[in-house]
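Report on the following structure.
Start at 1 with the first residue, then count along the sequence.
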Amino acid sequence: MDLDTLMTARLALHPLTIAEAAVVEAGDPRDPPHGARWAPGYPDDGDRAGARRFLAACASAGGSTQPFGPYEIRRRTDGMAIGGAAFHGGPDVAGQVTVGYGLISSARGRGYACEALRALLAFARSQGVLSVKGDADVGNIGSHRVMASAGMRLVAVDDRLKHYRVDWRGTAPDDGGPRSHGAAR
């Protein structure tokens, strides 16, 4: 399947192929493979773990699970990979997907994560997804802000995680951006 890269003002979210995910999973940020455009620190442990999950899901499904898989986040200015964003599988029976994202430390604090997450949310909605959920460690204030800024709302807190969600139930996929019923604070 030939998938389009999701473009934002500053980023290109490139859907990883199985072969590319295998390179990321085995990747050493100190020694990128020939031709790879990896910013220093990419891939990190989270990127490698995400690639491993995607490869396992593809093996189980007998092929790629894209477009509901991982995307490499690349800066449009130089093409360098600075992190990843991913759907953790296709929509469930309720039309819900789970998302995750991460950036190398040098790329944090510049709005890239929110920009990437907004692109994933818009894409999910365009695909008929009715709800997107994500979570972050209770102490990960930056990630809480990213999800809230992207239009997700805080729906639950437990001793480890804060859980966020955005719903579009009963709305047309093309009538605007994500809806939230109150911002998380």
Side-chain angles (χ1 to χ4, degrees), residues 1-18 21 46-47 49-73 83-103 111-138 140-158 160-185:
M1 173 186 289
D2 187 25
L3 295 171
D4 291 333
T5 296
L6 305 177
M7 304 301 283
T8 71
R10 300 179 300 157
L11 303 172
L13 277 66
H14 171 72
L16 290 180
T17 64
I18 292 172
D47 297 307
R52 224 176 351 268
R53 279 190 306 273
F54 174 63
L55 293 170
C58 291
S60 177
S64 179
T65 61
Q66 288 290 22
F68 292 103
Y71 290 75
E72 191 171 71
I73 302 171
F87 295 104
H88 297 180
D92 63 18
V93 296
Q96 185 173 69
V97 295
T98 301
V99 294
Y101 51 86
L103 296 172
Y112 292 143
C114 188
E115 191 171 328
L117 180 56
R118 283 183 178 148
L120 281 187
L121 293 175
F123 177 76
R125 189 162 193 219
S126 77
Q127 299 301 300
V129 170
L130 299 176
S131 180
V132 178
K133 64 182 179 176
D135 59 56
D137 291 339
V138 169
N140 189 343
I141 304 301
S143 194
H144 305 160
R145 289 181 180 147
V146 165
M147 287 187 274
S149 293
M152 299 176 81
R153 68 184 177 5
L154 181 63
V155 294
V157 179
D158 58 40
R160 279 187 348 111
L161 300 171
K162 287 192 174 187
H163 303 267
Y164 289 79
R165 190 176 71 226
V166 62
D167 297 297
W168 302 292
R169 298 181 193 291
T171 63
D174 60 351
D175 72 348
R179 291 193 182 157
S180 161
H181 304 289
R185 295 197 194 277

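Going from atom CZ of R125 over to atom CG of D167 covers 11.0 Å, rounded to the nearest 0.5 Å. We find the OG-CD1 distance between S64 and I18 to be 5.0 Å, quoted to the nearest 0.5 Å. Once rounded to the nearest 0.5 Å, the distance linking OG1 of T17 with CD of E72 reads 10.0 Å. A distance of 7.5 Å separates CG of D92 from OG1 of T98, quoted to the nearest 0.5 Å. In this structure, E115 CD and L11 CG are separated by 4.0 Å, a value rounded to the nearest 0.5 Å. Going from atom NE2 of H144 over to atom CG of L161 covers 8.5 Å, rounded to the nearest 0.5 Å.
Between F87 and F68, the angle of the ring planes goes over 60°, which puts this pair in the perpendicular group of the 30/60° scheme.
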Item to check | Evaluation steps, side chain to side chain donor-acceptor pair (under 3.5 Å), between Y101 and S143 | outcome: CA-CA 9 Å; Y101 51 86; S143 194; 2.6 Å; yes

Item to check | Worked verdict on H163 versus V157 for side-chain contact (heavy atoms from CB on, under 4.5 Å) | outcome: CA-CA 6 Å; H163 303 267; V157 179; over 6 Å; no

Checklist entry - Can R10 and Y112 be said to form a side-chain contact (heavy atoms from CB on, under 4.5 Å), step by step? => result CA-CA 8 Å; R10 300 179 300 157; Y112 292 143; 3.5 Å; yes

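A 4.5 Å side-chain heavy-atom check between L120 and L6 finds at least one atom pair inside the cut-off. M152 has its side chain within reach of L121: a pair of non-hydrogen atoms, C-beta onward, lies under 4.5 Å apart. Looking at R153 and Y164, their side chains never come closer than 4.5 Å, going by heavy atoms from C-beta outward.
Partner of K162 under the side chain to side chain contact (heavy atoms under 4.5 Å, CB included) criterion, chosen from D137, L154, D135, I141: L154.
Side chain of R118 to backbone of S149: a donor-acceptor contact under 3.5 angstrom is found. Although no hydrogens or angles enter the test, the distance criterion places no donor-acceptor pair under 3.5 Å between the side chain of S60 and the main chain of A57.
The nearest pair of heavy atoms linking H88 to V99 is NE2-C, 4.1 Å. Between Q66 and L16 the shortest heavy-atom distance is NE2-O, 3.0 Å. Closest non-hydrogen pair, I73 versus A116, comes out as CD1-CB, 3.8 Å. When all heavy atoms are compared, the tightest approach of V132 to A124 is CG2-CB, 4.0 Å. Residues V129 and W168 come closest through the heavy atom pair O-CE3, 3.3 Å. In terms of heavy atoms, Q96 sits closest to S131 at NE2-OG, 2.9 Å.
The neighbour count for R145 CZ, taken as heavy atoms of other residues, nucleotides or ligands under 6.0 Å away, does not exceed 12.
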